[in-house]
Engineer: 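Right, I'll just put the structure down here and ask away after.
Numbering of ligands and ligand atoms starts at 1, following listing order.
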Amino acid sequence: MSTFVVVGGAGRTGRRVVERLTAHGHRVVIASREAHDAPAGADVTRLDLASPDPAVFHDTEGIVISVEPPRGAESVLHEGVGQIAEIGAREDVPVILVSQIYLTRAAEHPEMTTRIDARSRGERALRTSGAQYTIIRPSWLHDLAANGVRVEQGDTGEGRISRDAVADAVVAALFDPSASGKTFELYDDAESGKPDWPSLFAALKPDPEAQDR
Ligand SMILES: NC(=O)c1ccc[n+]([C@@H]2O[C@H](COP(=O)([O-])OP(=O)(O)OC[C@H]3O[C@@H](n4cnc5c(N)ncnc54)[C@H](OP(=O)(O)O)[C@@H]3O)[C@@H](O)[C@H]2O)c1
């Protein structure tokens, strides 16, 4: 039975990723700073992404990072993500990072500068780590049902996205090599119907850093 580690797996998006993986019969380790009740098929282990214990990621089939640190953006979103990226490269397992939009236009949200700068460095550390990775940049998150998605690259859009849709994208990317080496933004799009993730991933441009490998 394959095991996946979801860092931030007790959060609102992370929990949805855990539900999807356990529903498909996978074992999941929720890596969290706090003790939480684990759903069936999952265990919780204490981990702070600012100082991750590599042993948590031993023998895993894939790693998801979906964290929103209340403080310490640089040590979590840059250095911590960088350490997980190195582990992903060493263990040769996919790393799926839930990031955010506005990373290339921080001036639009000065209140998020510290977080955006740290996330940008974290994204770059993952792209250049040698790991198989996918970076998913949700727009503003909400808890309503998923109702179609628009996938973009280049970080120019505005909008909202269902946490359910983000979790669907994360799980699809974990199992689809055509998502590897790619960064994309996600927006709701009620017109588009049920997402065909393999086709959406295949149509994306690889990141230049991934092409250079
Ligand atoms: N809010 C938005 O509109 C928005 C938009 C775009 C992207 N995002 C990003 O999308 C992701 C999911 O967002 P969400 O709102 O669903 O998340 P959330 O419910 O706020 O959950 C975030 C999780 O991060 C974990 N966390 C925080 N600091 C950590 C650390 N140092 N080490 C390990 N885990 C840590 C927390 O887990 P514990 O407390 O259990 O440790 C928490 O469960 C986040 O990366 C968020 O920044 C959010």
Engineer: In terms of residue, atom name and distance, what is the protein heavy atom nearest to atom 47 (O) of ligand 1?
Structural biologist: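 Of every protein heavy atom, Arg119 NH2, 2.3 Å lies nearest to atom 47 (O) of ligand 1.
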Engineer: Going by the atom numbers of ligand 1, which of them fall below 4.0 Å from some non-hydrogen atom of Ala10?
Structural biologist: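 Result: 43 (O).
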Engineer: Looking only at side chains, do Thr22 and Arg27 share a donor and an acceptor under 3.5 Å apart?
Structural biologist: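 Distance-only check fails for Thr22 and Arg27.
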Engineer: Working note: Glu34 + His36, criterion side-chain hydrogen bond (donor to acceptor under 3.5 Å, both in side chains); need CA distance, chi angles, decisive distance, verdict.
Structural biologist: CA-CA 6 Å; Glu34 311 288 340; His36 293 278; over 6 Å; no
Engineer: Which option out of Ile30, Asp48, Leu186, Val44 puts a heavy atom nearest to atom 31 (N) of ligand 1?
Structural biologist: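 Of the listed residues, Asp48 has the closest heavy atom.
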Engineer: With rounding to the nearest 0.5 angstrom, report the CZ to OG distance, Arg16 to Ser162.
Structural biologist: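 Going from CZ on Arg16 over to OG on Ser162, the span is 6.5 Å.
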Engineer: Could you tell me which atoms of ligand 1, counted from 1 in the order shown, lie closer than 4.0 angstrom to a heavy atom of Val98?
Structural biologist: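 Those qualifying, in numeric order: 10 (O), 11 (C), 45 (O).
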Engineer: Looking only at distances, please establish whether an N/O atom of ligand 1 is found under 3.5 Å from an N/O atom of Leu141.
Structural biologist: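 Yes, Leu141 has an N/O under 3.5 Å of an N/O on ligand 1.
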Engineer: To which of Arg160, Arg12, Arg71 does the heavy atom nearest atom 20 (O) of ligand 1 belong?
Structural biologist: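 Considering heavy atoms of Arg160, Arg12, Arg71, the nearest to atom 20 (O) of ligand 1 sits in Arg12.
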Engineer: Could you tell me whether ligand 1 has any atom less than 4.0 Å away from a heavy atom of His36?
Structural biologist: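 Distance cut 4.0 Å: His36 passes for ligand 1.
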Engineer: Counting distance only, does the side-chain N/O of Asp155 pair as donor-acceptor with the main-chain N or O of Leu103 below 3.5 Å?
Structural biologist: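 It does hold such a pair.
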Engineer: Run the numbers for me: atoms of ligand 1, each under 4.0 Å from some heavy atom of Gly11, listed by number.
Structural biologist: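 Listed by number with element, the hits are 19 (O), 21 (O), 43 (O).
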Engineer: Might you work through the side-chain hydrogen bond (donor to acceptor under 3.5 Å, both in side chains) test for Tyr102 and Glu158, ending with a clear yes or no?
Structural biologist: CA-CA 9 Å; Tyr102 300 124; Glu158 296 286 345; 2.6 Å; yes
Engineer: Return yes when Arg16 approaches ligand 1 closer than 4.0 angstrom through a heavy atom, no otherwise.
Structural biologist: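 Flag not set, Arg16 not near ligand 1.
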Engineer: Run the numbers for me: atoms of ligand 1, each under 4.0 Å from some heavy atom of Ser139, listed by number.
Structural biologist: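 Going through ligand 1 atom by atom, the ones under 4.0 Å from Ser139 are 5 (C), 6 (C).
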Engineer: Tell me which part of Arg15 gets within contact of ligand 1: side chain, backbone, both or neither, using heavy atoms under 4.0 Å.
Structural biologist: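 No part of Arg15 is near ligand 1 at this cut-off.
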Engineer: How far is atom 44 (C) of ligand 1 from the closest protein heavy atom, and which atom is that?
Structural biologist: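 Ranked first by proximity to atom 44 (C) of ligand 1 is Val67 O, 3.3 Å.
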Engineer: With heavy-atom distances below 4.0 Å as the criterion, list the atoms of ligand 1 near Leu47.
Structural biologist: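 This gives 32 (N), 33 (C) as the contact atoms.
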Engineer: Contact between ligand 1 and Ser99 is defined here as a heavy atom of the residue under 4.0 Å from a ligand atom; is it met?
Structural biologist: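 Contact check Ser99 vs ligand 1: positive.
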Engineer: Check this for me, if you would: do Glu152 and Arg137 make a salt bridge, where the nitrogen-to-carboxylate-oxygen distance has to be below 4.0 angstrom?
Structural biologist: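 No, this pair does not count.
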Engineer: Check the angle between the aromatic planes of Phe4 and Phe175 and answer parallel, tilted or perpendicular using the 30° and 60° thresholds.
Structural biologist: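 Aromatic pair Phe4/Phe175 classed perpendicular.
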Engineer: With respect to atom 15 (O) of ligand 1, which of Arg163, Glu68, Arg137 exhibits the smallest heavy-atom separation?
Structural biologist: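 Shortest heavy-atom distance from atom 15 (O) of ligand 1: Arg163.
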Engineer: Donor-acceptor check, side chain of Lys182 to backbone of Asp207, threshold 3.5 angstrom: yes or no?
Structural biologist: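 No, because the side chain of Lys182 does not come within donor-acceptor range (under 3.5 Å) of the backbone of Asp207.
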Engineer: Can you report which non-hydrogen protein atom sits closest to atom 30 (C) of ligand 1, along with the distance?
Structural biologist: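 Here the nearest protein heavy atom works out to Arg33 CD, 3.3 Å.
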Engineer: I want to know if ligand 1 touches Leu49 in the polar sense, i.e. an N/O pair below 3.5 angstrom.
Structural biologist: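 Between Leu49 and ligand 1 (N or O atoms, distance only) the closest approach is under 3.5 Å.
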Engineer: Using the side-chain hydrogen bond (donor to acceptor under 3.5 Å, both in side chains) rule, take Asp188 and His142 through it: C-alpha gap first, then chi angles, then the decisive distance, then the call.
Structural biologist: CA-CA 10 Å; Asp188 287 329; His142 65 77; 2.7 Å; yes
Engineer: Would you check whether Ala31 has a nitrogen or oxygen atom less than 3.5 angstrom from a nitrogen or oxygen atom of ligand 1?
Structural biologist: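 Such a contact does not occur with ligand 1.
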Engineer: Is there any N or O on Arg115 that sits under 3.5 Å from an N or O of ligand 1?
Structural biologist: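 Arg115 vs ligand 1: no N/O contact under 3.5 Å.
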Engineer: Give the numbers and elements of all ligand 1 atoms closer than 4.0 Å to a heavy atom of Trp140.
Structural biologist: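 In order of number, 3 (O).
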Engineer: Can you find a pair of side-chain heavy atoms, one from Thr45 and one from Ile30, that are under 4.5 Å apart?
Structural biologist: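 They are not in contact (no side-chain heavy atoms under 4.5 Å apart), so the answer is no.
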Engineer: With no hydrogens and no angle check, just 3.5 Å: does a side-chain donor-acceptor pair link Ser129 and Glu86?
Structural biologist: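 No pair is found: no donor N or O on one side chain lies under 3.5 Å from an acceptor on the other.
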Engineer: Is the shortest N/O to N/O distance between Gln100 and ligand 1 below 3.5 Å?
Structural biologist: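 In fact, backbone or side chain, Gln100 has no N or O that close.
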Engineer: Does Asp164 come within less than 4.0 Å of Arg20, counting only side-chain N to carboxylate O?
Structural biologist: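 Here Asp164 pairs with Arg20 in a salt bridge, since their nearest N and O are under 4.0 Å apart.
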